[in-house]
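Heads up, the thing below is written out as structure tokens.
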Number of protein chains: 2
Amino acid sequence: MRIGELAARAGTTTRALRYYESRGLLTARRAENGYRAYDEDDLRLLRQIRTLQDFGFELEETRPFVECLRAGHPAGDTCPASLAVYRRKLAELDGLIGQLQSVRDQVGAQLARAESARAELEAGSLVPGVPGCEMTGMEEGLG
Amino acid sequence: MRIGELAARAGTTTRALRYYESRGLLTARRAENGYRAYDEDDLRLLRQIRTLQDFGFELEETRPFVECLRAGHPAGDTCPASLAVYRRKLAELDGLIGQLQSVRDQVGAQLARAESARAELEAGSLVPGVPGCEMTGMEEGLG
DNA sequence: GCTTGCCTTGACGTCGGCGTCAAGGCATAC
DNA sequence: GTATGCCTTGACGCCGACGTCAAGGCAAGC
């Protein structure tokens, strides 16, 4: 199969495949006319890459999985190096999720504080004539 | 105060300040010799920007806060436009956290599956002589 | 005068994963 | 022959928030 068909079957583009090749993942044999030629194994390999990419793995992080498949294993995550990447990614995700949760809480607190400050202004009918800060009703409409 | 001192007091770099200026945030008056001159209000403004940046806000998203401060408000998040950014960011964060949590769970499941598959191999002492997949003991050491 | 240190503008580099265009070769259909 | 559609390599573009370098001006100390 040629590059266009492989790309279509994996739900990606020819450009991406050439890029993977330039990075040393997904090598291709060549037909007589110079066209890249792929087989079903290449498709499995590519699908492994795409799955991990969809998870947010960097391309380099997919390399152990690819090499594991190339080594003849039925699954790319059978080898120790792949498992190590999984574990690193889990730790990374946990850290990131925690960070984002912390930011979320802080932003939420800031919002609550700012909203109650505005509520006090409205209650006292103390609307200062400052441009950009009139009572527009947007406070309600965007919740 | 000049750009170097302002940058230092806000914990950032002169390059960042010139970049903010190029984006229309943080304008500066000029001294006679052409040097940028800042005052304490600029510092407050810059600190608002940095705080939001540390939260992961894009520079454009800090603009309403900056304009709110410029309009004379004591806090940058008093104005409706700023509150709207807070709310958008909360929704964005919730979505992202949910996505990451989903990915985390999937990766965790994959890891568990792959680990138990290897455990079965080890139990049966069926270690195939495939390069890159020998029993190296790394499985234990990297958890 | 000379050095040092801060300032100026301008412009190119970084990172990842491609998108997009250019110029041309190959293969099939009409 | 030629129009179409796939393929080839090469190279520049993109995004965000700056980093870094270049070439030169300004101010103060010795």
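Below, chains carry the letters A, B, ... as their sequence lines are ordered, and counting in each starts from 1.
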Next item on the list: Take B/Glu61 and B/Leu52, measure what side-chain contact (heavy atoms from CB on, under 4.5 Å) needs, and give me the verdict at the end.
Entry: CA-CA 8 Å; B/Glu61 295 177 316; B/Leu52 296 176; over 6 Å; no
Next item on the list: Under 4.0 Å between any heavy atoms, over every strand shown, what does A/Arg36 touch: base, sugar-phosphate, or nothing? Just pick one.
Entry: sugar-phosphate
Note to self: Could you measure the distance from the CZ atom of A/Arg47 to the CZ atom of A/Arg9? Nearest 0.5 Å is fine.
What the structure shows: 6.0 Å
Check: Could you state the interatomic distance from NZ (B/Lys89) to CD (B/Glu58), rounded to the nearest 0.5 Å?
Finding: 6.0 Å
Check: Could you state the CZ-C1' distance from B/Arg18 to D/dC18, rounded to the nearest angstrom?
Finding: 12 Å
Next item on the list: With sequence neighbours left out, write down each residue that passes side-chain hydrogen bond (donor to acceptor under 3.5 Å, both in side chains) with A/Arg44, or none if nothing qualifies.
Entry: A/Asp41
Margin query: To the nearest 0.5 Å, what is the distance between CZ on A/Arg113 and OH on B/Tyr86?
Written below: 6.5 Å
Checklist line | Of the listed nucleotides C/dC7, D/dT9, D/dA27, the one nearest the side chain of B/Asn33 | finding: D/dA27
Next item on the list: Could you tell me, to 10°, how much the axis swings from one end of the helix from C/dG1-D/dC30 to C/dC30-D/dG1 to the other, five pairs per end?
Entry: 40°
Notebook entry, point to check: Atom CZ of B/Arg23 and atom C1' of D/dC18: how far apart are they, to the nearest Å?
Noted result: 11 Å
Item checked: Interatomic distance where CG belongs to B/Leu46 and C1' belongs to D/dA17 [whole Å] -> 14 Å
Would you list the atom pairs, donor with acceptor, under 3.5 Å between side chains in residues 16-24 of chain A and any protein atom, with sequence neighbours excluded?
{"unit_1": "A/Tyr20", "atom_1": "OH", "unit_2": "A/Arg50", "atom_2": "NH1", "d": "2.6"}
{"unit_1": "A/Glu21", "atom_1": "OE1", "unit_2": "A/Arg36", "atom_2": "NE", "d": "2.8"}
{"unit_1": "A/Ser22", "atom_1": "OG", "unit_2": "A/Tyr19", "atom_2": "O", "d": "2.6"}

Next item on the list: With A/Ile49 as reference, evaluate A/Thr12, A/Asp54, A/Leu59 under the side chain to side chain contact (heavy atoms under 4.5 Å, CB included) test and give the passing residue.
Entry: A/Leu59
Note to self: Main chain of B/Ser102, side chain of B/Asp105: is a donor-acceptor contact present, judged purely on distance under 3.5 Å?
What the structure shows: no
Margin query: Distance check, rounded to the nearest 0.5 Å: A/Gln101 atom CD versus B/Ile97 atom CD1?
Written below: 4.5 Å
Note to self: Suppose we screen for side-chain hydrogen bond (donor to acceptor under 3.5 Å, both in side chains). Which residues come up paired with B/Gln99, at least two apart in sequence or across chains?
What the structure shows: none
Next item on the list: Give the rounded distance in Å between these two atoms: CD of B/Glu32 and P of C/dC6.
Entry: 22 Å
Check: Along nucleotides 10-24 of chain C, 5' to 3', which nucleotides get a B, which get an S, and which get a -, given that the test is a protein heavy-atom distance under 4.0 Å?
Finding: -B-----BBBB----
Check: Rounded to whole angstroms, how far apart are CZ on B/Arg30 and P on D/dC26?
Finding: 14 Å
Notebook entry, point to check: Hey, does the side chain of B/Ser82 reach the backbone of B/Gly76 with a donor-acceptor pair shorter than 3.5 angstrom?
Noted result: yes
Next item on the list: Please state how far atom CD in B/Glu21 lies from atom C1' in D/dC18, giving the value in whole angstrom units.
Entry: 15 Å
Between the protein and nucleotides 1-6 of chain D, which nitrogen or oxygen pairs come in under 3.5 angstrom?
none

